[in-house]
Amino acid sequence: MQTQPCAAIVECSSNGLFYIPEARRRGLQPLVIYPPLPESSGFSSLRAHAREVLDEDVIVIDAPEDMNELLEMLKPYSIACVLAGSEFGVIMADQLARRLGLPGNDPATSSCRLEKPAMQASLVKAGIRAIRSHLVSSLEEALAFWKELDVSRVVLKPSASSGTQGVHFCSSKEEVEQYLTELLSERDLFGRENLSVLMQEYINGTEYIVNTVSHGGIHRVTDIWMYHKVPIGSEGNAYDYARLITRLDARHRDLVTYAYKALDAMGYEYGPSHGEYMIDEKGPVLIEAGARPMGGGFSMDLLDACVGAII
């Protein structure tokens, strides 16, 4: 058995690559695990790039479908912690940490940290503000829910996606029909057919990113960003800039309080969260959250310069 303890990083892609130097800084050997990836998954190119930039001394394991087989492959290593390096690693990271007896989030609630409908349902169950949402699989269902919402604009999106992938803003029956048909003919982030699409009321407000880290169910904010976006019609918004919030006002304090309640509702106990929230005249509300580090192409040097090293 390798005596140096290892940090197991499941699906080490995008900013999940930052875990590698941080693991070394703490005396841990980086061990990257790549789960089985469907050919149609949108993660293919992202993973290929990540594998190209990995250092030669990083241990890389291509995981089999069977968790028991993976555990056998990991027996030669002393695993100190398990981290999800992207959305695609969340489920396996939860399961692996539980099987190894290490700190991690409950696999029974993984969907609440991964699937957008489950996220909103967890907020409703916890009694905190959620976006009115419904899964629709036909135009008739979509139009009926739009009538129930009694709003002039709705949002259509896949149940599982990353960034603004597949997000459409609709202000007419024709737009709903067009984009619903498109989404139902596509596959989601994990290569699965979109058998239904998430339809939501449109929230008009200011978008914020709240990044946190949790330990034993206690949450701490690491950084908050305000996003400014430029509308591009039914295709949603294009990112214009992100501004780091360095001084909290009353709205931001309310946002943090709400975010902590949302994290509790979604079952965050350990690790990072990258949450997207909107503040409108009613206050803050969760758009979606990911149980992984913030992506977006920010470099580690830039983040350290902006927010300082997080110890």
Side-chain angles (χ1 to χ4, degrees), residues 6-26 28-65 70 73-74 77 81-94 96 113-114 157-158 160-167 186-192 194 209 211 222-223 225 227 235-242 271-276 288-307 309-310:
C6 298
I9 309 165
V10 183
E11 189 58 48
C12 185
S13 304
S14 185
N15 281 7
L17 290 165
F18 293 170
Y19 279 137
I20 291 176
E22 289 301 307
R24 289 197 182 104
R25 195 162 69 88
R26 290 163 172 79
L28 301 173
Q29 165 65 46
L31 186 155
V32 171
I33 300 172
Y34 286 117
L37 187 65
E39 292 184 3
S40 56
S41 171
F43 265 101
S44 300
S45 59
L46 195 64
R47 177 186 286 187
H49 170 72
R51 296 190 73 139
E52 287 178 358
V53 300
L54 290 176
D55 296 335
E56 290 184 0
D57 64 337
V58 173
I59 300 169
V60 178
I61 293 178
D62 290 304
E65 293 280 357
L70 175 59
M73 296 173 69
L74 293 176
Y77 307 101
C81 60
V82 180
L83 306 160
S86 76
E87 265 94 359
F88 199 76
V90 169
I91 291 177
M92 180 173 283
D94 289 348
L96 187 58
R113 296 178 293 279
L114 201 61
K157 61 178 70 171
S161 63
S162 180
T164 57
Q165 178 196 27
V167 176
E186 298 171 350
R187 293 179 179 270
D188 68 12
L189 190 67
F190 304 100
R192 302 171 303 195
N194 287 327
I209 296 300
N211 292 316
T222 58
D223 48 299
W225 302 75
Y227 276 178
E235 296 297 321
N237 295 313
Y239 291 96
D240 186 11
Y241 63 83
S273 79
H274 171 64
E276 300 177 7
E288 59 189 68
R292 43 81 178 177
M294 179 173 71
F298 293 105
S299 70
M300 180 177 283
D301 289 343
L302 174 62
L303 293 174
D304 280 348
C306 291
V307 303
I310 305 300

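Residue indices begin at 1 and follow the sequence shown. Remember, predicted model here, so these are calculated numbers, not experimental data.
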Which pair of heavy atoms, one from Arg24 and one from Asp57, lies closest together, and at what distance?
NH2-OD1, 2.8 Å
Looking at CD1 of Ile20 and CG of Leu83, how far apart are the two atoms once the value is rounded to the nearest 0.5 Å?
11.0 Å
So do the side chains of Val307 and Thr222 get within less than 4.5 Å of each other, counting heavy atoms only?
no
How long is the straight-line distance from CD of Glu87 back to CZ of Arg113, given to the nearest 0.5 Å?
12.5 Å
Gap separating the CZ atom of Phe88 from the SG atom of Cys12, nearest 0.5 angstrom:
14.5 Å
So how far is it from Arg51 CZ to Leu46 CG, rounded to the nearest 0.5 Å?
13.0 Å
Are the side chains of Leu28 and Cys81 in contact, using a 4.5 Å heavy-atom criterion?
yes
Side-chain donor/acceptor of Tyr19 to backbone N/O of Ala8, under 3.5 Å
no
I want to check something: taking the side chain as every heavy atom from C-beta on, are Asn211 and Pro272 in contact at a cut-off of under 4.5 Å?
no
Exam field: side chain Ser13 to backbone Ala50, donor-acceptor pair closer than 3.5 Å
no
Taking it one step at a time, do Glu11 and Ile33 satisfy side chain to side chain contact (heavy atoms under 4.5 Å, CB included)?
CA-CA 6 Å; Glu11 189 58 48; Ile33 300 172; over 6 Å; no
Quick one: closest heavy-atom pair of Ala84 and Arg292, and the distance?
O-CB, 3.9 Å
Side chain to side chain contact (heavy atoms under 4.5 Å, CB included) evaluation trace for Cys6 with Leu74:
CA-CA 10 Å; Cys6 298; Leu74 293 176; over 6 Å; no
Test Met294 against Trp225 for side chain to side chain contact (heavy atoms under 4.5 Å, CB included), laying out the working first.
CA-CA 11 Å; Met294 179 173 71; Trp225 302 75; 3.9 Å; yes
Can you give me the closest heavy-atom contact between Ala23 and Pro30, atom names plus distance?
CB-CG, 4.3 Å
I'd like to know whether Val10 forms a side chain to side chain contact (heavy atoms under 4.5 Å, CB included) with Ile91, so could you lay out the CA-CA distance, the side-chain angles of the two residues, the decisive distance to 0.1 Å, and finally the verdict.
CA-CA 9 Å; Val10 183; Ile91 291 177; over 6 Å; no
Scanning both residues in full, the closest heavy-atom pair of Pro64 with Leu70 reads CG-N, 3.8 Å
Tyr77 and Gln29, any side-chain heavy atoms less than 4.5 Å apart
no
Atom pair CG (Leu17) and CG (Leu54), whose distance is rounded to the nearest 0.5 Å:
6.0 Å
